Amino acid sequence: MSGEPTDAPRRRGRFITLEGGEGAGKSTQAARIVAALKGLGIPAIATREPGGTAKAEELRAALLAGIVAPLGPAAEALAFSAARVDHLDRKIKPALEEGVWVVCDRFADSTRAYQGALGHLAPQLIRAMENVVVGADRPDLTLMIDLDPEKGLARAAARRGDNSVDRFEGQSTAFHRALRAAFVKIAADEPQRCALIDGARSENDVAAEIWHEIENRLDPREWRRPL
Ligand code: TMP
């Protein structure tokens, strides 16, 4: 060991995902997490799915325009997974390897909930796809932001400022209620990885609970200490 800083072992970054229904406040909270991490001197980036890379953003536009929908939920799950492969290979994995924390607005649990649970796909199919696409790169922490879908959809509409809806926002209230239940079930089934966050409170209160979970589960102050 030369003792030069460039030879210092680099600690892998942490991978945090935010999940939940429409208008739950995920992107706002992702930006706040990144700001809080940077405040501790931890390098961090916010990204999103589908998207995060040029090719994945192209797939996002097609998916949200409903171009893949007529092919059925299995084809949609494959298309979301294709976007995920590019996002993982070109952005998420390189960042984690460089010691950057990655905060991602939606990830594989959205495929489980939207295409798997709501598309009535066999759980084995979703699991197999996830094993191939995500493999060992599962999130260290998933924040499930839980919110009454009527409130969430109203927030999403207010944010857009018009009556347009994308492929999934335009679904029935029953769809969004079932979606909420699917996310809550994922959190209940994997409590080690997932924290269920009450998204009905103020932005500041939600941010405080999220930060409490990050501190308890990932110990960012300890991570910062040199190895
Ligand atoms: P949003 O990120 O603006 O919420 O838009 C993404 C939409 O795509 C949202 O309706 C959820 C949906 N989606 C899936 O159906 N499957 C997936 O795997 C992902 C990542 C998103």
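Whatever order the structure lists them in is the order used to number ligands and atoms, beginning at 1. Not measured: the values here are computed from a predicted model.
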(request) Please report the C-alpha distance between K185 and D109 in whole Å, then the side-chain angles of each, then the deciding distance to 0.1 Å, and finally whether the salt bridge (charged side-chain N to carboxylate O under 4.0 Å, His left out) criterion is met. (result) CA-CA 11 Å; K185 182 170 185 326; D109 293 319; over 6 Å; no
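At a cut-off of 3.5 Å, with distance as the only test, a side-chain donor of R106 or Y114 sits close to an acceptor on the other residue.
The nearest non-hydrogen atom to atom 2 (O) of ligand 1, considering only E22, K26, R106, comes from R106. Nearest to atom 5 (O) of ligand 1 by heavy-atom distance, out of E19, R112, R60, is R60.
Each of the atoms 16 (N), 17 (C), 18 (O), 19 (C), 20 (C), 21 (C) of ligand 1 lies under 4.0 Å from some heavy atom of S110. In summary, the atoms of ligand 1 found under 4.0 Å from a heavy atom of Y114, numbered by their order in the structure, are 9 (C), 10 (O), 11 (C), 14 (C), 15 (O). For ligand 1, the atoms lying closer than 4.0 Å to a non-hydrogen atom of L64 are 5 (O), 7 (C), 8 (O).
With a 4.0 Å cut-off on non-hydrogen atoms, R84 touches ligand 1 through its side chain and not its backbone. If you look at E169 next to ligand 1, there are no close heavy atoms at all, none under 4.0 Å.
For K93, the NZ atom is densely surrounded, since the number of other residues' heavy atoms within 6.0 Å is greater than 12.
With sequence neighbours left out, the side chain to side chain contact (heavy atoms under 4.5 Å, CB included) criterion links P149 to H176, R177, R180. Residues that satisfy the side chain to side chain contact (heavy atoms under 4.5 Å, CB included) test with A62, not counting sequence neighbours, are I67.
Remark: ligand 1 and Q115 share an N or O pair separated by less than 3.5 Å (distance only, no angle test).
In this structure, R84 is positioned above the aromatic face of F107, its NZ or CZ under 6.0 Å from the six-membered ring centre and within 45° of the axis.
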